[in-house]
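Read the structure below first, then the notes.
Values below: every heavy atom of this structure, side chains too, minus hydrogens, waters and symmetry copies. Residue numbers start from 1 in every chain, and the chains themselves are labelled A, B, ... in the order their sequence lines are given, proteins ahead of strands. For clarity, every value in this text was computed on a predicted model and none was experimentally measured.
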Number of protein chains: 2
Amino acid sequence: MATMSAGHKREISKQDYNANLAECAGHEVLSALSDKWLTLVVSALADGPLRHSELARIIAGASQKMLTQTLRKLERDGLVVRTVTASVPPRVDYELTALGHGLLPIQRSIKTWAETHIDAIHKARVRYDANGD
Amino acid sequence: MATMSAGHKREISKQDYNANLAECAGHEVLSALSDKWLTLVVSALADGPLRHSELARIIAGASQKMLTQTLRKLERDGLVVRTVTASVPPRVDYELTALGHGLLPIQRSIKTWAETHIDAIHKARVRYDANGD
DNA sequence: CGGTATCCGTCACGATACTG
DNA sequence: CAGTATCGTGACGGATACCG
């Protein structure tokens with residue numbers, strides 16, 4: 001260790017750190033929650049199942065690719081169930097699972113906190129930007 | 001409207017949508033919470049004020065740039081206060097504000113939910129990946 | 001010690017076009 | 001109607017080097 005460079009030591013710390021981060025459940029969920037479209041899809045499905053095209057209409061801002069990608073991710077994590085009806089035309093419904101519903105209280109609590117304190121944050125920003133000029 | 005192409009209509013929806021999203025307090029806070037380093041810095045400061053170099057040691061995985069960038073962001077939003085002691089060598093302390101402390105319960109609730117359900121999510125993933133092969 | 005500026009690799013996102 | 005594949009772009013993170 002004595003001959004180890006500071007850079008090298010730092011490199012090792014980083015590896016430890018990233019390994020640690022990868023195992024962190026909190027961060028995993030956090031990254032899911034922070035997904036721009038994921039949150040919106042979950043909210044949209046909160047009231048009940050929807051077809052792919054319905055989601056596309058409600059979300060609107062999402063490209064077809066992002067919508068599918070988000071839904072796949074949610075399905076993979078067991079947060080939504082995907083029901084395919086093989087007919088002409090094909091029909092696919094998406095529905096929130098119990099696990100998926102569990103996300104809603106968290107979303108709501110964040111939203112509540114956000115709406116309570118967002119103006120304080122905005123004011124802080126203005127003050128900060130004013131001092132910095 | 002009658003002569004408007006579907007593509008054009010979609011474009012307008014998207015603009016509406018993005019404008020809406022930009023104003024959404026929930027998403028603003030969400031994007032802050034999802035910041036990889038921001039969360040860690042807030043957690044590190046939860047127990048009390050720390051110097052820049054202390055944070056660097058604790059976080060370890062963060063580059064100097066990311067650390068400073070994160071701290072600036074937090075400071076700008078009024079979540080931490082930055083105290084400079086002009087001496088040789090210079091000393092800078094960071095401390096959570098009341099607003100910053102408000103973030104902790106949210107982080108904790110996410111962490112709790114995550115640790116409760118992460119194994120269910122992992123199992124769902126394994127199942128999904130197994131079916132897809 | 002604390003902070004800034006610059007360059008560069010990576011990857012998520014979006015637009016488009018095509019398949020079943 | 002639902003989904004996949006491909007390509008271009010732009011924001012973000014990291015490494016390095018340099019000021020106060």
Without decimals, in angstroms, what is the distance between Lys65(A) NZ and dG8(D) P? 13 Å

To the nearest 0.5 Å, what is the distance between CZ (Arg57(B)) and CG (Leu55(B))? 9.5 Å

Any Lys36(A) side-chain N or O less than 4.0 Å from OP1/OP2 of dG14(C): yes

Short side-chain N/O contact to dC1(D) OP1/OP2 from Tyr94(A), under 4.0 Å: no

Closest to side chain of Pro89(B), choosing from dA15(D), dC1(C), dA15(C): dC1(C)

Check whether any side-chain nitrogen or oxygen of Arg51(B) sits under 4.0 Å from OP1 or OP2 of dC1(C), and answer yes or no. no

Please determine whether a side-chain nitrogen or oxygen atom of Trp37(A) lies at a distance below 4.0 Å from atom OP1 or OP2 of dG14(C). yes

Rounded to the Å, how far apart are Ile59(B) CD1 and dG14(D) P? 12 Å

Can you see which heavy atom on Thr68(A) is nearest to which on His52(A), and at what distance? OG1-CE1, 3.5 Å

Counting heavy atoms not belonging to Lys73(B), are there more than 12 under 6.0 Å from its NZ? yes

How many whole angstroms separate atom NE2 of His52(B) from atom P of dG2(C)? 6 Å

Return the value, rounded to whole Å, for the distance between atom CD of Gln69(A) and atom P of dC13(C). 6 Å

CE of Met66(A) versus P of dC11(C): gap in Å, rounded? 15 Å

Any side-chain N or O of Gln64(A) less than 4.0 Å from the OP1 or OP2 oxygen of dA2(D)? no

I want to check one thing: is the phosphate of dG3(C), taken as OP1 and OP2, less than 4.0 Å away from some side-chain N or O of Arg72(B)? no

Once you round it to whole Å, what is the distance between C1' of dA11(D) and CG of Asp35(B)? 13 Å

Under 4.0 Å: is that the gap between some side-chain N or O of Arg82(B) and OP1 or OP2 of dG3(C)? yes

Given side chains that start at C-beta, do those of Arg82(B) and Leu71(B) come closer than 4.5 Å, heavy atoms only? no

Taking OP1 and OP2 of dG2(C), is either one under 4.0 Å from a side-chain nitrogen or oxygen of Ser53(B)? yes

Measure NZ/Lys73(A) against C1'/dG3(D) and give the value in whole Å, please. 19 Å

From CG of Asp93(B) over to C1' of dG3(C), roughly how many Å is that when rounded to an integer? 16 Å

Return the CG to CG distance between Asp35(B) and Leu74(B), rounded to the nearest 0.5 Å. 8.0 Å

